[in-house]
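Okay, structure first, notes after.
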Amino acid sequence: MAGGFPSGIDRPGNEQRARTMNRSQPGILGALPSHSRYLSFALLPGTDPRPALAALRDLIDGDEAVVGVGAPLVSALAVDIPGLRDFPVHSAAAVAVPSTPSSLWCWLRGEDPGVLLHRGRALRTALASAFRIESIIDGFLYREKRDLTGYEDGTENPTDDAAAAAALVTGGGPGINGSSFVAVQKWVHDLDAFAAMSANERDHTFGRRISDNEELDDAPEAAHVKRTAQESFDPTAFVVRRSVPWADAGAEGLVFVAFGKSFDAFEALLGRMVGAEDGIVDALFRFTRPVSGSYYWCPPMVSGRLNLTALGI
């Protein structure tokens, strides 16, 4: 492991794909860890973020910690990352989907929450000259990648080569190839409302049977699987989901994390969920809602550390 921690294009060819994967932060396509800690940071007014980012570059291995850079930080650096933008606002939608831009996002990955706590402390110290912490969310695996409702999450995730093709940028040139874009939302569940539904209502909310995860032939148009069938879009809207549950003393829900070679696929999925196309709102909104929404660009790697040349660092 490197550093100071304790222990949008068509599918590329095999050789090009291998080079792209070697450049990416490995945690993006890696297996989900038992525990995750998500930290978001705001840039302090009037500060130069470059020294702090240089320190961060040497701390991050891309595996135990994945880093994303937000549009506010890119703007402050006076550089351009093609494809990076603010999280969309659906002002005419029947349901609220907030946009909460942030400068920097770090996804800490591991098996021991205490270790993640100390890694987070190291990050905060390294960044303290230019960044302040905005939020910390602790996530965890539940029953082999299930949501807290008990339903499997990310069933249609692409795998292997298809995952790399969906999640990683190619054709962007040095400092861009192997990077990725990530959409991050915090969803809060009303598990009491969900528990009050009948078993049939729950299955029809997701469009799958909880018992065997099979899609229901008679699922309503509002069912989540009907709203977000990635192959039903033109072009197809495949993303690589790395979502996990979260919980604290006051609430619980899902940290939704979706990596893509651009934000286009995620925006197509979100637009259909909120009914922007046809007025049909995803049935998930019956018991859950997002309280945050942010976009980040995840830089590639070079020689075992973050490649920040596209940021001028």
Side-chain angles (χ1 to χ4, degrees), residues 3-5 24-25 27-28 36-62 64-89 97-109 116 119-139 169 172 175-176 179-186 242 246 255-260 262-263 266-267 290-301 305-313:
F5 284 149
S24 67
Q25 296 186 53
I28 292 172
S36 295
R37 172 163 272 212
Y38 306 93
L39 298 91
S40 63
F41 296 85
L43 179 63
L44 293 172
T47 60
D48 181 1
R50 291 172 180 83
L53 291 174
L56 180 70
R57 174 189 60 200
D58 299 331
L59 272 178
I60 298 300
D61 67 353
E64 293 183 339
V66 173
V67 165
V69 176
L73 178 56
V74 169
S75 177
L77 291 168
V79 298
D80 178 50
I81 301 297
L84 180 62
R85 50 187 180 263
D86 285 333
F87 195 92
V89 175
V97 178
S99 174
T100 55
S102 189
S103 293
L104 192 66
W105 174 75
C106 298
W107 171 23
L108 304 182
R109 302 159 35 84
L116 298 190
R119 288 184 190 149
R121 286 173 53 83
L123 280 177
R124 294 174 69 175
T125 298
L127 295 169
S129 64
F131 296 89
R132 64 172 175 82
I133 193 74
E134 282 189 311
S135 71
I136 299 175
I137 307 172
D138 289 313
V169 177
I176 299 294
S179 66
S180 185
F181 296 94
V182 63
V184 183
Q185 293 177 293
K186 181 181 181 181
R242 291 289 181 258
W246 67 273
V255 182
F256 179 87
V257 179
F259 291 95
S262 75
F263 293 120
F266 170 76
E267 290 182 0
V291 295
S292 68
S294 305
Y295 276 168
Y296 304 96
W297 173 69
C298 300
M301 303 290 291
R305 62 180 189 170
L306 286 177
N307 183 349
L308 300 183
T309 56
L311 301 178
I313 298 169

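In this text the structure is predicted, and so the values were computed from the model without any measurement.
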Are [X] and [Y] close enough that some pair of their side-chain heavy atoms sits under 4.5 Å apart?
| X | Y | result |
| --- | --- | --- |
| Val74 | Asp80 | no |
| Leu104 | Leu127 | yes |
| Leu77 | Leu53 | yes |
| Ile60 | Leu123 | yes |
| Leu39 | Arg124 | yes |
| Met301 | Leu306 | yes |
| Trp297 | Leu311 | yes |

Checklist line | Reported CG-to-CD1 distance for the pair Asn307 and Ile176, which is rounded to 0.5 angstrom | finding: 8.5 Å

Item checked: Interatomic distance, Ile137 atom CD1 to Ser40 atom OG [nearest 0.5 angstrom] ->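 One finds 7.0 Å between CD1 of Ile137 and OG of Ser40.
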
Below 30° counts as parallel, above 60° as perpendicular, anything between as tilted: where do the rings of [X] and [Y] land?
| X | Y | answer |
| --- | --- | --- |
| Phe266 | Phe256 | tilted |
| Tyr38 | Trp107 | parallel |
| Tyr295 | Phe87 | tilted |

Next item on the list: Kindly determine whether Phe41 and Ile133 satisfy side-chain contact (heavy atoms from CB on, under 4.5 Å), including the steps that lead there.
Entry: CA-CA 4 Å; Phe41 296 85; Ile133 193 74; 3.6 Å; yes

Exercise: identify the closest heavy-atom pair between [X] and [Y]:
| X | Y | answer |
| --- | --- | --- |
| Leu43 | Ala130 | CD1-O, 3.3 Å |
| Pro49 | Thr47 | CD-O, 3.4 Å |
| Pro300 | Ser179 | CD-CB, 3.7 Å |
| Leu116 | Leu108 | O-CD1, 3.5 Å |
| Trp246 | Asp138 | CB-O, 3.4 Å |
| Ser262 | Phe181 | CA-CD1, 3.7 Å |

Do [X] side-chain atoms and [Y] backbone N/O form a donor-acceptor pair below 3.5 Å?
| X | Y | result |
| --- | --- | --- |
| Thr100 | Gly293 | yes |
| Ser103 | Gly70 | no |
| Ser292 | Lys186 | yes |
| Arg57 | Arg305 | no |
| Gln25 | Pro299 | yes |

Item checked: Check against side-chain contact (heavy atoms from CB on, under 4.5 Å), Cys298 and Ile28 -> CA-CA 9 Å; Cys298 300; Ile28 292 172; 4.1 Å; yes

Item checked: side-chain contact (heavy atoms from CB on, under 4.5 Å) between Ile81 and Val69, worked out -> CA-CA 10 Å; Ile81 301 297; Val69 176; over 6 Å; no

Next item on the list: Quick one: do Arg109 and Arg242 satisfy side-chain contact (heavy atoms from CB on, under 4.5 Å)? Show the steps, please.
Entry: CA-CA 11 Å; Arg109 302 159 35 84; Arg242 291 289 181 258; 5.6 Å; no

